[in-house]
Amino acid sequence: MNVQRSSNGKMKGKELITVGIFSAIYFAINLVFMVLGGLHPIIWILMPAFIALFTGVPYMLLCAKVPKIGAIMLMGLITGIIYFATGTFTVVILVAFLLACILAEAIRYMTGFRSSVGNLLSYVAFSVGMIGSPLPIWLFRNDFLAQIKEQGIGEHYVQVLDDLATGKMLVIMIILTIVCAFIGAAVAKVLFRKHFEKAGIV
Amino acid sequence: MLKLDPRTCIILLVIANAVIFIQRNIAIEIIWVGLLLLLLCICGAVRSAVKLAAVFTACIVIQYFVFPVAPKSVVSIFFILISYARKVIPCLIVGTLTMKTVTVRELTAALLKWKVPYSLIIPLSVSIRYFPAIKEEIGYIRDAMKLRSIRFTDKFECTIVPIMMSATTTSDELSAAAVTRGIENPCKKTSIIDIRFGIADFVCIAVGVLFIALAVIFR
């Protein structure tokens, strides 16, 4: 395998602008599913998986266009900042997202930015960061339970919440996200062959 | 109409988040939300303030009056959603305030003053400016798809590919324009916008800190 190191130096103006534009696209796709997630907690829990399924194309294209350290970090940072500024996000997702970005960046660095396996794995790591969004269901669980008692709602509601916020559900969510990230990356690869390579973009 | 410093908005966002994480007292929560809504009104976004107030009231009413009498299945669907919405509202108020009163240029100036590196400021401002372009583009693509009656299964591909293509060309054009204007000039950049803290900014931050203290004491 011919691993090419092209991480010489920091990103320049052009690459920074590219990162900005692709982050906007990533955020837009992300937002669509975030809004859908408001419909039902189940969709919300499955949301990281949906996002992983559909954001493969912008992620992979960004990886191909800016093979330098920091590109994914910046994309995650911008997504986090915009969500934070609109107030839709709590600190939970920012932390989860940050960790995922660092991991994704590390994988990219170690595999030399050009390897397709490396990019695939980094995309998986990056996607898992989105589980920070429904994570408060588990983190605020005691809050929710305390509220239920405070409002005098019967015991069976506690049961409903328990059913939804089990450790098993958490595991299912993470595994499903990883699987969807692989599918999303595969879809991106097919589209690359079909369109972007012909157009000379990649 | 009051105009807050962009930096105050960012600090308030952090404070709003902190208060919500810490507090367990409904009185503090309601007063805090009320004050933030008042701030939003003073800054001129009365309509958004009314909307957010309605949502917040609805959440409280549903939680305390509707849930105890509603059927079990309904509660199970909406309980987490409503509880979470209630937690997010203070941040949403400050977020609306930021979005309505701060322009991208002012945000850039504020971040410059905080010595945020250029490698973050540039992509961030490009990103924020690019959203309207995405929206416009999706409109055109949707029209084109209707004309050709694209099948539902092909819709994802037929949307994402043109968007990515045009994003690539836009980034080339934009960087050419930015390089012409000296984006790669290594010297320190200046801004025409002058931002500084006023009395209102200090009052807002002080009240915010006070509420963090209250939330810690009465938890």
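So you know, we letter chains A, B, ... as the sequences are listed, proteins then strands, and number each from 1. Atom set for the values below is all heavy atoms of this structure, side chains included, hydrogens, waters and symmetry mates excluded.
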Given the options [options], which has more heavy-atom pairs under 4.5 Å with chain A than any of the others?
options                                : result
B/Thr170, B/Ile20, B/Ile134, B/Ile89   : B/Ile134
B/Ile183, B/Leu174, B/Thr98            : B/Leu174
B/Lys135, B/Glu184, B/Met164, B/Arg129 : B/Met164

Taking side chain as everything from C-beta outward and backbone as N, CA, C, O, which of these in [X] sits under 4.5 Å from a heavy atom of chain A? Side chain, backbone, both or neither.
X        : result
B/Val102 : neither
B/Val179 : neither
B/Ala167 : both

For residues 111-119 of chain B, tabulate all N or O donor-acceptor pairs below 3.5 Å that involve a side-chain atom, not counting sequence neighbours.
from	atom 1	to	atom 2	distance (Å)
B/Lys113	NZ	B/Ile195	O	2.7

Spacing of [atom1] belonging to [X] relative to [atom2] belonging to [Y], to within rounding of 0.5 Å:
X        : Y        : atom1 : atom2 : value
A/Lys65  : B/Asp172 : NZ    : CG    : 5.0 Å
B/Met165 : A/His195 : CE    : NE2   : 7.0 Å
B/Thr169 : A/Ile21  : OG1   : CD1   : 8.5 Å
B/Asn17  : A/Leu94  : CG    : CG    : 7.5 Å
A/Leu16  : B/Ser171 : CG    : OG    : 11.5 Å
B/Ser127 : A/Ile25  : OG    : CD1   : 9.5 Å

Taking non-hydrogen atoms and a cut-off under 4.5 angstrom, which of residues 184-191 of chain A neighbour chain B? A/Val187, A/Leu191
side-chain contact (heavy atoms from CB on, under 4.5 Å) between A/Ile78 and B/Ile128, worked out: CA-CA 9 Å; A/Ile78 291 168; B/Ile128 297 174; over 6 Å; no
Is it the case that atom CZ in B/Phe156 sees more than 12 heavy atoms from other parts of the structure closer than 6.0 Å? yes
Within a 6.0 Å radius of atom NZ on B/Lys51, are there more than 12 heavy atoms belonging to other residues, nucleotides or ligands? no
With heavy-atom distances below 4.5 Å as the criterion, would you say the side chains of A/Ile81 and B/Leu120 are in contact? yes
Minimum heavy-atom separation for B/Pro123 and A/Val19, please, with both atom names. CB-CG1, 4.3 Å
Proximal component of [X], with respect to chain B [non-hydrogen, under 4.5 Å]:
X       : value
A/Phe22 : side chain
A/Leu74 : side chain
A/Leu77 : side chain

Using side-chain contact (heavy atoms from CB on, under 4.5 Å), reason through A/Phe196 and B/Thr168 one step at a time and then give a plain yes or no. CA-CA 10 Å; A/Phe196 300 119; B/Thr168 315; 6.0 Å; no
